[in-house]
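Below, chains carry the letters A, B, ... as their sequence lines are ordered, and counting in each starts from 1.
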Amino acid sequence: MIQFDQVTKRYPGGIDALKNLSFGIETGEMVFLAGHSGAGKSTLLKLISGLERATTGNVMVSGHNLSKLRRSQLPFVRQHIGVVFQDHKILFDRNVFDNVMLPLDIIGFDRREAARRVRAALDKVGLLGKEKVMPIRLSGGEQQRLCIARAVVHRPAVLIADEPSANLDRAYALDIMELFKSFHQVGVTVLISAHDETLMEDYGRRILRLKEGQFTA
Amino acid sequence: MKHYLFLHWQSARIALVKILRQPVGSLLSLAMLSVAMALPLSLYLTVMSVQDWVGKLTATPQITLFMEQSAEEADIAAVGSALKHHPRVKGYTFVSKKQALTDLEKRNGLNGLTEGLDANPLPDAFVVTPTSLEPKQLELLQKELSGLPMVEEAQFDASWAKRLYGMVDLGKHLTLFLALALGVALVLITHNTIRMQILARRDEIEVSKLIGATDSFIRRPFLYHALWQGLLAGLVAWGLTSWLVAVANPAIAEFAQLYNEQVELRGLAPLELALVLAGAVLLAMLGARLAADHHLRRVSAS
């Protein structure tokens with residue numbers, strides 16, 4: 001599903017965020033990405049979702065070589081990936097329901113079918129009762145769930161989460177992890193990054209450890 | 001395809017609703033746009049109306065020969081026969097001083113005008129219709145006729161109309177210039193209103209791009225906003241000029257009546273209205289497109 005082939009990402013100024021990385025993630029796999037902040041986790045996730053481009057090497061996502069795609073085609077790749085952003089990227093000018101509706105609007109769903117899907121996604125994350133609430137009135141954990149609902153509402157084949165458990169207490173973080181596990185169980189390829197490895201170890205999944213842009217054992 | 005059309009229809013509907021929901025802000029920019037359009041439109045209509053009228057005048061140029069006050073009947077007969085046999089004169093009518101006076105009294109309702117006068121101050125006159133309509137020929141004929149005995153003056157009725165023609169031409173150039181300048185203004189005004197909107201919705205645009213919105217998806221609502229704004233501004237500008245025509249026409253008609261002329265400002269023809277609306281919409285969308293592209297370039301650069 002995801003394949004990195006000798007990928008290097010160099011930012012302007014000569015800093016290599018990723019150095020010659022090669023790895024693969026199978027379809028339906030659930031993988032953790034560990035490492036301190038600044039290790040390159042976010043850069044790696046951004047390469048997968050096409051938000052950044054590799055300086056050298058190839059990034060393959062569901063059969064597309066993102067390094068070779070034209071810039072104008074990247075949006076369509078993004079439409080097949082669900083992303084839970086580190087800083088949530090929730091829109092505070094609209095209610096919970098409309099926030100989750102956004103990806104379906106972008107893809108161009110039929111309004112009625114879209115509304116059904118939005119409610120299903122909200123139900124899944126436990127926010128069904130709050131669809132009319134403005135995000136500013138949600139707790140930190142609820143905002144995280146809202147972000148997850150928006151990431152899965154269009155039923156992507158790949159789900160990427162950048163530090164989804166940051167700033168949450170452990171019980172809440174475990175809840176969120178369970179949620180990701182449930183998506184993995186219905187066949188979604190899931191990649192989660194975190195700097196706190198203790199959460200991951202309980203799950204017995206593959207862990208990719210990044211340090212200064214390279215994998216460590 | 002049907003789905004694609006539905007999406008566009010949806011964007012268009014949402015954009016219109018947004019305009020109607022912010023009546024104050026929309027009204028301000030609408031007023032700005034429509035006034036900018038109403039100016040050249042009014043000038044255009046004025047110039048075209050004057051042109052129509054001048055065209056009618058110059059279609060049948062006439063030369064009026066005024067006889068000297070001391071002219072005798074024999075002199076008048078001599079001029080009459082000269083005109084009759086002149087190859088470049090198609091026809092003529094004789095207006096005696098008496099007839100001229102009664103005409104004048106009748107026309108202006110000034111009965112008893114002569115009562116205070118010792119004698120009729122009006123001269124005898126011939127109104128000559130030439131064969132050729134060519135300006136040079138007319139001028140030659142005018143000179144020739146003014147040389148006839150006892151003719152005081154040969155006045156070429158169309159000469160001032162020709163001067164007016166020149167002014168109409170000037171007016172046309174002025175209209176074109178004004179239209180161009182305000183067309184640019186229209187682009188700039190929509191560019192600005194759309195830019196403000198984009199800035200207000202910066203977060204939404206950023207998030208939309210992150211989760212896979214194409215550039216055309218992001219541009220679409222702004223382009224539709226501009227479309228409605230251009231269309232509404234065009235309609236309001238049309239309303240303004242129609243109102244101007246309606247208000248001005250009675251006054252103009254009254255004024256023209258004094259000169260026994262019929263002058264009328266005309267409104268926009270359906271085809272002209274369609275062109276104006278299409279032009280307004282296209283220019284507005286151009287402004288929106290420029291603003292959106294500018295912002296999208298900045299977003300993708302960062």
Side-chain angles (χ1 to χ4, degrees), chain A residues 11-12 42 45-46 48-53 61 69-94 98-114 135 146-154 156 158-160 162, chain B residues 1-22 25-26 193-225 289-290 292-302:
Chain A
Y11 283 112
S42 293
L45 297 182
K46 278 180 184 165
I48 295 173
S49 50
L51 296 173
E52 301 263 11
R53 285 184 166 229
V61 176
L69 277 185
R70 274 185 287 132
R71 189 172 277 279
S72 61
Q73 288 176 309
L74 286 177
F76 301 105
V77 174
R78 275 177 220 160
Q79 289 176 10
H80 294 284
I81 299 176
V83 182
V84 178
F85 298 98
Q86 191 172 1
D87 51 354
H88 298 178
K89 304 277 185 200
I90 288 169
L91 294 174
F92 289 96
D93 63 344
R94 61 198 67 194
D98 289 338
N99 260 285
V100 180
M101 184 61 112
L102 190 61
L104 300 180
D105 273 345
I106 287 169
I107 296 173
F109 257 74
D110 169 68
R111 274 315 260 204
R112 240 182 327 185
E113 167 69 7
L146 170 57
C147 196
I148 294 170
R150 190 183 63 191
V152 299
V153 70
H154 55 299
V158 181
L159 179 60
I160 292 170
D162 197 356
Chain B
M1 188 62 199
K2 202 177 148 198
H3 184 62
Y4 184 74
L5 287 179
F6 170 77
L7 286 179
H8 272 269
W9 161 238
Q10 190 166 288
S11 294
R13 200 170 43 87
I14 291 170
L16 184 59
V17 167
K18 265 194 182 140
I19 291 180
L20 299 178
R21 268 203 200 138
Q22 305 169 320
S26 311
T193 50
I194 296 296
R195 194 176 61 91
M196 303 298 263
Q197 277 195 31
I198 288 175
L199 288 179
R201 294 170 65 181
R202 210 171 19 193
D203 292 343
E204 182 186 348
I205 291 172
E206 188 208 337
V207 172
S208 299
K209 275 207 85 144
L210 286 177
I211 58 181
T214 56
D215 285 357
S216 62
F217 175 87
I218 287 168
R219 269 194 301 257
R220 201 180 296 151
F222 300 112
L223 289 182
Y224 272 110
H225 184 100
R289 172 84 197 218
L290 290 175
D293 281 355
H294 180 73
H295 184 79
L296 283 171
R297 261 199 310 278
R298 254 208 330 228
V299 166
S300 60
S302 62

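Ranked by heavy-atom pairs under 4.5 Å with chain B, the list A:D105, A:I107, A:D110, A:D93 is led by A:D105. Interface remark: of the candidates A:R150, A:R94, A:H154, A:R94 forms the most heavy-atom pairs closer than 4.5 Å to chain B.
Taken from CD in B:E204 to CG in A:L102, the straight-line distance is 6.5 Å, to the nearest 0.5 Å.
The interface of residues 77-87 of chain A with chain B, defined by heavy-atom distances below 4.5 Å, comprises A:R78, A:Q79, A:F85.
Applying the 6.0 Å contact sphere to CZ of A:R53 captures more than 12 heavy atoms from other residues, nucleotides or ligands.
Neither the backbone nor the side chain of B:I218 comes within less than 4.5 Å of any heavy atom in chain A. Proximity to chain A is absent for every atom of B:D215, based on heavy atoms less than 4.5 angstrom apart.
Considering all non-hydrogen atoms of both residues, A:F76 and B:T214 come closest at CZ-CG2, 3.5 Å. Between A:I106 and B:A213, the shortest heavy-atom contact is CG2-CA, 3.5 Å.
Within the 4.5 Å cutoff, no side-chain heavy atoms of A:K89 are placed close to those of B:I211.
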